[in-house]
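Notes follow once the structure below has been shown.
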Amino acid sequence: MLVPEIALTPQLEALVQHRFPGTHTVSLHSGLAEAERLEHWRAACSGRARIVLGTRLAVFAPLPELGLIVVDEEQDSSFKQGEGFRYSARDLAVVRARQRGVPVVLASATPALETYHNAVSGRYTLLTLSSRIGAPPPRIACIDTRGDKLSDGLSERLLAALRERVAGGEQALVFINRRGYAPVLMCRSCGWVSGCQRCSARLVLHLPERRLRCHHCGHVSPPPAACPGCGNPDLAPIGHGTQRVEEALARLLPQARVLRIDRDTTRRRRAWHTMRQRIQEREVDILVGTQILAKGHDFPHLNLVGVLNADSQLYSSDFRAAERLFALLTQVAGRAGRGGTRGEVLIQTEFPHHPLYAALRSQDYRAFADDALAERRQAGFPPFVHQALLRS
C-alpha cells in the first residue's frame, strides 16, 4: 500500500493493524532509521511481512507472494522521484502488477486526468464510490475578496467563522500552500526583490530565524540591512506564508490555540507524531498548514477549512496547474467534517465565478475532468500525446 507522504504512514499503520490484527505489517520510507528500514526490507523480502506500507520507495519491495498493490492518492506528484534515479511509483506499480498478474488499485477522489481517461476509455476498470464514507460531504463556498479589506490576508467572514468554531469547542484549519513568513522581500523605492543567486526563483523570508531561503535549490542567506539597489533600509515583506498567518491569528484571535504545521516545524524526528497527538487530544483550536495537512488525515473534531491564496496557481503557465489545484482543494476540503458534524469550507478568491470553483462547489469532479480533457485534446496535450523532457 503506497501513500504520497511520510506523515500519512502512522495513521495508516494504526488503521491497518486495527483491521488486520494478526497480520505482520511493516513500513518503508525515508523517515526510518537505516537499521529499521533494513529490518523491514528483509521482512518483506522473506515473506514474513504480509502487508507493506510506504511511500514511493516501497514500490520496489521484493514481496515473494505479491497479491495486490494499492496506490492511495494516485494523482499526487510526490509519487515521482525527480532527482537521481527518476521514476514514477504509480506507473511502476501498474507495471509490477501486470508482470505478476495481480490487481492494482489506483485510488483517488480526483484521479490524474491520464488515469481518468484510461478508466472512461475502458483501458482500466472504473469503480466509483457514490457517497462519502461515514459522513456527509462538506459545504463549499467562495468568499469574494475583490474590494474586501483583508486583515493580514484573512477576510472578516473567515475570521467570524473561525471565532464561531473556536467558541463552540471545534477545530479549524487555515490552509495556505506557502511556508515561511512572506514569499518575497521587496524595496518599495526601486522595486528590488529578493531573488535567488543560484536559480531563477525568489528567496522566501523566514522571519523567526531571520533568513531568506530558496525553496527550490536550498540557498540560504541573511536578509540585507538595506536595499542592494538603492540603499533604502525600509524593505517590506510582500505576500503571506504560514508564519505570517500564524502570527496574525495569534493577534486577531488571542483566545485560540494556534499550531503551525509545515516542512519547517515537522523537520525534527517525531515532531509530527507529537503534533498529531496534540490535535487528537484537542489541545489545538486552529491549524495553520501547507499541503502536508491536505492529504488523508482524519481529525474528527475539525469542521472548518479556510483556504488562502488559492488563485496564485491559476496564473501558472503549467498546463496541469488547474488539474493540480482542483485536486489540492478537494483534498483539503475533505479534512472538514469527518466526525458527526457536517464540515464547512471557505475559499478566499478574486474569481468566485471561475469554472474550476464552480465545479468544486458542486463537488463534480467528472464535469471538471471532462472539460479539462476536451481542452487537452484540442491543444494536443497528454493524455492524447506523449511528452518527454531532455536535459543535457
Side-chain angles (χ1 to χ4, degrees), residues 5-7 30-31 33 78 82-83 150-154 173-254 256-279 283-295 297 306-309 312 332:
E5 298 282 354
I6 294 176
S30 59
S78 297
E83 298 176 357
L150 304 180
S151 300
D152 284 304
L154 300 160
L173 164 64
V174 176
F175 175 81
I176 177 168
N177 202 25
R178 171 74 70 174
R179 61 190 174 99
Y181 186 84
V184 69
L185 194 63
M186 180 179 178
C187 174
R188 297 188 184 276
S189 295
C190 69
W192 173 87
V193 293
S194 53
C196 180
Q197 298 174 2
R198 291 177 16 181
C199 70
S200 59
R202 303 294 187 193
L203 292 176
V204 178
L205 176 63
H206 289 247
L207 196 60
E209 56 266 44
R210 296 196 60 79
R211 287 290 182 268
L212 291 170
R213 296 181 179 272
C214 179
H215 293 174
H216 295 271
C217 71
H219 176 67
V220 180
S221 65
C227 173
C230 67
N232 175 26
D234 188 17
L235 300 178
I238 304 298
H240 297 82
T242 51
Q243 292 177 358
R244 192 170 189 175
V245 173
E246 177 191 28
E247 180 185 276
L249 287 170
R251 186 180 70 256
L252 296 170
L253 283 77
R257 296 166 295 179
V258 181
L259 177 65
R260 173 168 58 92
I261 301 177
D262 54 26
R263 192 180 300 175
D264 298 323
T265 59
T266 58
R267 186 173 287 127
R268 299 188 314 276
R269 183 172 174 82
R270 296 190 64 81
W272 168 239
H273 173 78
T274 303
M275 291 178 177
R276 188 167 174 267
Q277 195 169 23
R278 288 182 60 194
I279 297 168
E283 297 177 2
V284 177
D285 298 316
I286 301 176
L287 311 178
V288 177
T290 58
Q291 60 182 354
I292 290 178
L293 285 174
K295 308 164 188 174
H297 299 294
V307 180
L308 312 184
N309 200 30
S312 60
V332 74

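Residues take their numbers from the sequence shown, with the count starting at 1.
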Closest contact, heavy atoms only, [X] versus [Y]:
X	Y	answer
L185	P224	CD2-CD, 4.3 Å
R267	D264	NH2-OD1, 3.3 Å
L207	Q243	N-OE1, 3.1 Å
P237	L235	CD-O, 4.1 Å
L249	I286	CD1-CG2, 3.9 Å
Y181	E247	OH-OE2, 3.1 Å

Short side-chain to backbone donor-acceptor contact, [X] and [Y], under 3.5 Å:
X	Y	answer
R198	C217	yes
W272	A7	yes
T290	R179	no

ask   = Do H240 and L308 pass the side chain to side chain contact (heavy atoms under 4.5 Å, CB included) test, and can you show the C-alpha distance, the side-chain angles, and the key distance before you say yes or no?
value = CA-CA 9 Å; H240 297 82; L308 312 184; over 6 Å; no
Any non-hydrogen side-chain atom of [X] less than 4.5 Å from a side-chain atom of [Y]?
X	Y	value
S189	C227	no
T242	I176	yes
C196	R202	no
P228	W192	yes
V204	H206	yes
H219	C199	no

message = Using 0.5 Å steps for rounding, measure from the CD1 atom of I292 to the CG atom of L287.
response = 12.5 Å
key: H297 NE2 to R276 CZ distance, which is reported to the nearest 0.5 Å   = 8.0 Å
message = Apply side chain to side chain contact (heavy atoms under 4.5 Å, CB included) to residues N232 and C190 and explain how you reach the verdict.
response = CA-CA 9 Å; N232 175 26; C190 69; over 6 Å; no
query = Taking only residues two or more places apart in sequence, or in another chain, which ones meet M186 in a side chain to side chain contact (heavy atoms under 4.5 Å, CB included)?
reply =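 With sequence neighbours excluded, M186 shows a side chain to side chain contact (heavy atoms under 4.5 Å, CB included) to V193, I238, given in chain and number order.
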message = Surrounding CZ of R263 (heavy atoms of other residues, nucleotides or ligands, distance under 6.0 Å), is the total greater than 12?
response = no
query = More than 12 heavy atoms of other residues, nucleotides or ligands under 6.0 Å from CZ of R210: is that the case?
reply = no
query = How far apart are the C-alpha atoms of R178 and R244, what are their side-chain angles, what is the distance that settles it, and do they pass the side chain to side chain contact (heavy atoms under 4.5 Å, CB included) test?
reply = CA-CA 10 Å; R178 171 74 70 174; R244 192 170 189 175; over 6 Å; no
request  = Please assess I261 against T266 for the test side chain to side chain contact (heavy atoms under 4.5 Å, CB included), listing each intermediate value before the final yes or no.
outcome  = CA-CA 7 Å; I261 301 177; T266 58; 3.9 Å; yes
